[in-house]
Every structure is written in C-alpha cells, then in structure tokens.
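Values below: all heavy atoms of this structure, side chains included; hydrogens, waters and symmetry mates excluded. One-based numbering along the sequence shown. Read the numbers this way: they start at 1 and go in the same order the structure lists the ligands and their atoms.
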Amino acid sequence: MGNSCSTTLGIPPGKGPNKVGCTDLMVNHTVQGSFFRLYYPCVESPDYEMPCWIPSQEYFNGLADFLKINRSLSEKIFNYLYGSFKIPAGLDAPFKPNGKYPLIIFSHGLGAFRTLYSAICSEIASQGFVVASVEHRDESASATFYFQEKSVPEEQNQLATPENGNLEKKWMYYRSLEPGEREFPLRNEQVKKRADECIKALDILTGINSGSSVTNELESRFDWTTLENSLDMCRTAIMGHSFGGATVIESLCKELRFKCGIALDSWMFPLDEEIFPRVKQPILFINSEKFQWAGNIIRMNKLDSSTIPRKMITIRGTVHQSFPDFTFLTSHWIGKILKLKGEIDPQVALDLSNKASLAFLQRHLSLEKDFSKWDTLLDGQDDNLIRGTNIDVHQSSM
Ligand SMILES: CCN(CC)CCN(C[C@]12C[C@](c3ccc(C(F)(F)F)cc3)(C1)C2)C(=O)Cn1c(SCc2ccc(F)cc2)nc(=O)c2c1C=CC2
C-alpha cells in the first residue's frame with residue numbers, strides 16, 4: 001500500500017477467495033429486452049484481458065448530457081480522466097463451476113449505467129456470488145443501447161452479420177424532466193419498469209441455470225451453458241444504489257424470489273408509500289452521511305418493523321458518490337470538489353458497506369460462509385459507522 005498521500009487510482013479488485021470474470025448479456029435485442037453485466041467467480045489465469053470501465057464513447061456523451069455539460073468539451077476531459085480505466089475482472093473469463101452460487105441482482109442509480117458499480121459487484125462476486133448488474137431502459141440511465149431493424153433495406157454488397165441480422169444499434173439517453181412536468185409520475189413509472197427489468201434478469205438466469213439455451217445479441221465468446229446448475233435460485237437477493245435503492249423496495253414487493261434487499265443510499269421519492277406494508281422481506285439500508293434528509297429517512301422508517309428484520313447504518317464521512325466507482329477514480333482534491341469523495345478513505349468506506357452487506361446476506365440467505373464475523377457492523381459497531389442515521393427526523397413541535 002502506498003503512503004497516505006499517494007492514492008492508487010483504479011478500481012480495487014475483489015478481496016474474496018475467488019478470481020472474478022465479467023461478461024455482458026442482452027436477451028431480445030429490442031428496448032423491451034434484458035441487458036446486464038454478469039460478475040462471477042472465474043477460473044484463474046494470468047492472461048485475462050480486463051474490459052474497459054466505460055464500454056463506449058456514447059456513455060461519456062450520455063453522462064455529459066446528464067451532468068448538463070457540453071459534450072465535445074467533456075468528451076476530452078472524460079477520456080483524459082477516465083478513458084483508460086479497466087474493470088478488475090477477466091473479460092469473458094471461463095466460469096468456475098463450484099456447487100451453487102447465490103445470485104444478486106444489482107440496480108444502478110439515476111444517470112448511471114451497468115458498469116459504474118464494478119468495485120461493489122466484483123467484491124461480492126469474489127466472495128462466492130454471481131452478480132448481475134442490470135442496465136435499465138427506463139430513460140434513467142445516462143446512456144444505454146438496444147437494436148432496431150434497419151430502416152433502409154440492406155445494400156446488396158453488405159452482408160448482415162449472423163449475430164444481429166440487419167439490425168442497427170439504437171442509443172437511449174437520460175430523459176430530463178420537461179419544464180413544469182411533475183417528477184413523481186415519471187419516477188414512479190420508472191421504478192416499476194426498473195423492478196420488471198430486475199425480475200426479467202432473474203427469469204433469464206433461472207432459465208440458464210436449468211439448461212435453457214440463450215441467444216446473446218452481443219458478440220461474445222462467453223459460454224453461457226457453463227452456468228447450468230450453478231446458481232442457487234433459492235438464494236437470490238437484490239441490491240441497488242439511490243434510484244436503484246427504490247428499485248430494491250419495489251422489486252421486493254413484486255417478487256418473493258428476492259429473499260432480501262440491500263438499499264445503498266436509497267432515494268425513496270419514486271416509491272408509492274402504499275406498497276410499504278406489502279414488503280415482507282428483510283431490508284438493509286446503508287446510508288451515506290451527507291446525502292440523506294429528514295423526508296427520505298422518514299420514508300425508510302415507515303418500512304421499519306418489529307417482526308421483519310430491518311437494519312439501517314450510516315457510514316461516517318461518506319457522500320452519495322462513495323458507492324459508485326468514481327470515488328476510486330478521481331484524485332483527492334478534484335474528488336472532494338466534485339463531491340465524488342467524502343472525508344473517509346473510499347476503500348475503508350466500501351469495505352464497511354461490503355462487509356455489512358455480506359453479513360446481512362449470510363443471515364437472510366442462510367449461507368454457510370463466515371460472513372457472520374461482520375454481524376456487529378449491522379448494529380453500527382465501528383468507529384466509522386453510525387447505527388441508524390445521523391439525520392434528526394423529529395419534527396420541531398409546533
Ligand atoms: C445534474 C444532474 N442533477 C439532476 C438529476 C443531479 C445529479 N446528481 C448528482 C451527481 C451525479 C454526479 C456526478 C457523477 C459523475 C461525475 C464525473 F465527473 F465523475 F463523471 C461528476 C458528478 C452529479 C454527482 C444526482 O443525480 C445524484 N443521484 C444519483 S447519482 C448516480 C450516478 C450517476 C452518474 C454517475 F457517473 C455515477 C453515479 N443517483 C440517483 O439515483 C439519484 C441522485 C439524486 C437523486 C436520485
């Protein structure tokens with residue numbers, strides 16, 4: 001480890017006993033299809049290629065639109081700052097069959113997309129899970145793509161490639177609110193679509209696990225049949241950040257196959273409160289110190305229960321962006337100015353979040369691992385943790 005001032009900029013690899021591979025799957029090429037990045041325990045090999053963190057320039061363009069900064073200027077800045085980062089996983093590395101792995105579905109935040117939480121996903125995968133990070137097509141992602149039949153007929157001389165016939169890539173970008181548009185109807189519609197997409201990913205992986213063949217619309221050499229009988233479909237959970245945290249709650253309500261949920265710095269606004277009493281599974285809320293506010297915490301507290309295990313912890317010195325990968329990829333001062341870094345060392349913060357998550361998953365997926373050694377974190381017992389929240393929710397008396 002370098003000394004305190006030299007920070008190794010890069011996404012940290014998983015610390016668990018498994019090497020991690022990652023591959024992309026798109027089933028059904030249309031906008032209704034399912035698109036996710038899979039992180040999984042892989043066969044060890046020294047010569048794996050690591051995929052680019054930002055898979056295509058279009059994602060930078062979408063991010064610029066989302067951040068309302070000029071595309072051409074930001075294109076150069078993003079490429080200079082982030083263009084060369086790799087994900088700490090072997091691209092299309094062979095899957096390592098070893099009994100049945102529990103499955104986690106991960107949902108990204110507003111303006112993000114499937115690759116931006118690779119530190120969390122690859123850590124969880126390295127501990128013996130398969131993690132599917134969904135890319136949502138609800139227009140909440142900075143950018144995503146699908147395929148469309150070509151409008152003009154193929155010129156005779158161009159051969160349609162077998163993978164995508166005469167299809168062409170279609171990009172979908174973040175949809176901003178129209179002037180005067182009310183936000184709740186849009187966000188509530190989006191959170192329902194997001195939950196459906198998480199459930200669809202679960203269905204696809206259930207099929208693959210039982211040996212159904214799957215057609216990947218993307219060119220990839222990964223052999224999906226190697227996953228047959230390797231997923232424990234009774235041990236599935238859902239995780240998400242911010243808007244993805246709301247997606248966790250909505251998905252738990254709709255799908256009992258998700259045995260528990262972990263909401264990272266959840267944004268509760270998109271949710272219809274009438275679903276709260278209908279959510280029956282355990283939930284872990286892991287909050288940052290700076291993002292939360294009374295109204296948001298009050299909604300989380302409405303999900304508190306004396307019968308269903310519900311936990312909340314807050315990580316001291318963290319900001320909203322302490323969960324996505326950016327927190328590792330920006331130097332100290334730029335990170336602080338852009339609020340991509342909090343006071344706490346990003347690795348320390350994410351270790352606490354991941355260890356608490358693993359302890360919670362062990363308890364509610366009844367895993368035979370040793371993650372229970374981190375149970376005390378679930379009660380906020382650490383110098384960098386607060387039990388519950390730092391936010392004062394008691395309204396001042398009138
Ligand atoms: C201007 C847009 N404005 C209105 C929507 C709010 C913009 N905003 C704060 C930002 C995202 C920020 C960001 C990223 C990335 C760089 C970079 F420079 F490093 F690329 C810089 C600066 C700008 C921090 C948020 O939306 C916060 N947020 C997020 S941030 C998820 C995310 C997005 C893009 C990423 F690259 C990584 C992570 N996910 C949510 O689900 C929710 C919220 C708020 C409520 C619900």
Numbering the atoms of ligand 1 from 1, which are under 4.0 Å from a heavy atom of [X]?
| X | result |
| --- | --- |
| Leu63 | 20 (F), 34 (C), 36 (F) |
| Pro324 | 38 (C) |
| Phe243 | 40 (C), 41 (O) |

Determine whether a donor-acceptor pair (N or O, by modelled atom type, separation under 3.5 Å) exists between the side chain of [X] and the backbone of [Y].
| X | Y | result |
| --- | --- | --- |
| Thr327 | Leu340 | yes |
| Arg299 | Met268 | yes |
| His241 | Ser266 | no |
| Ser74 | Arg71 | yes |

Connected hydrophobic set around Leu91, excluding itself, where side chains approach under 4.5 Å: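 So far as hydrophobic clustering goes, Leu91 is joined with none.
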Members besides Tyr48 in its Ile/Leu/Val/Met/Phe/Trp/Tyr cluster (side-chain heavy atoms under 4.5 Å): Val43
Location of contacts on [X] toward ligand 1, heavy atoms closer than 4.0 Å:
| X | result |
| --- | --- |
| Tyr174 | side chain |
| Trp267 | side chain |
| His320 | side chain |
| Leu116 | side chain |
| Gln321 | side chain |
| Leu340 | side chain |
| Thr330 | neither |

Cation-pi check, Arg194 onto Phe243 ring (under 6.0 Å, within 45° of axis):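 Yes, a cation-pi geometry holds between Arg194 and Phe243.
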Salt-bridge present (Asp379, Lys311; N to O < 4.0 Å):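 Salt bridge present between Asp379 and Lys311.
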Parallel, tilted or perpendicular: rings of Phe269 and Phe184 (30°, 60°):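 It falls in the perpendicular class, over 60°.
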Which residue supplies the protein heavy atom nearest to [atom], what is that atom called, and how far is it?
| atom | answer |
| --- | --- |
| atom 31 (C) of ligand 1 | Leu110 O, 3.2 Å |
| atom 34 (C) of ligand 1 | Gly111 O, 3.2 Å |
| atom 17 (C) of ligand 1 | Phe326 CE2, 3.9 Å |
| atom 26 (O) of ligand 1 | Phe66 CZ, 3.4 Å |
| atom 3 (N) of ligand 1 | Lys68 NZ, 4.5 Å |
| atom 18 (F) of ligand 1 | Phe78 CE2, 3.8 Å |

Phe147/His29 aromatic ring centres below 6.0 Å: no
Ring centroid separation Phe95 to Tyr101 under 6.0 Å: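 Under 6.0 Å, so yes.
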Closest to atom 40 (C) of ligand 1 (judged by heavy-atom distance), picking from Ser176, Gly240, Ser242, Ala64: Ser242
The one among Leu67, Asp65, Leu338, Leu81 that brings a heavy atom closest to atom 16 (C) of ligand 1: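 Looking at heavy atoms only, the winner is Leu67.
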Proximity flag Tyr82 to ligand 1, non-hydrogen atoms under 4.0 Å: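 Tyr82: in contact with ligand 1 (<4.0 Å).
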Evaluation steps, side chain to side chain donor-acceptor pair (under 3.5 Å), between Thr314 and Glu289: CA-CA 6 Å; Thr314 299; Glu289 194 173 8; over 6 Å; no
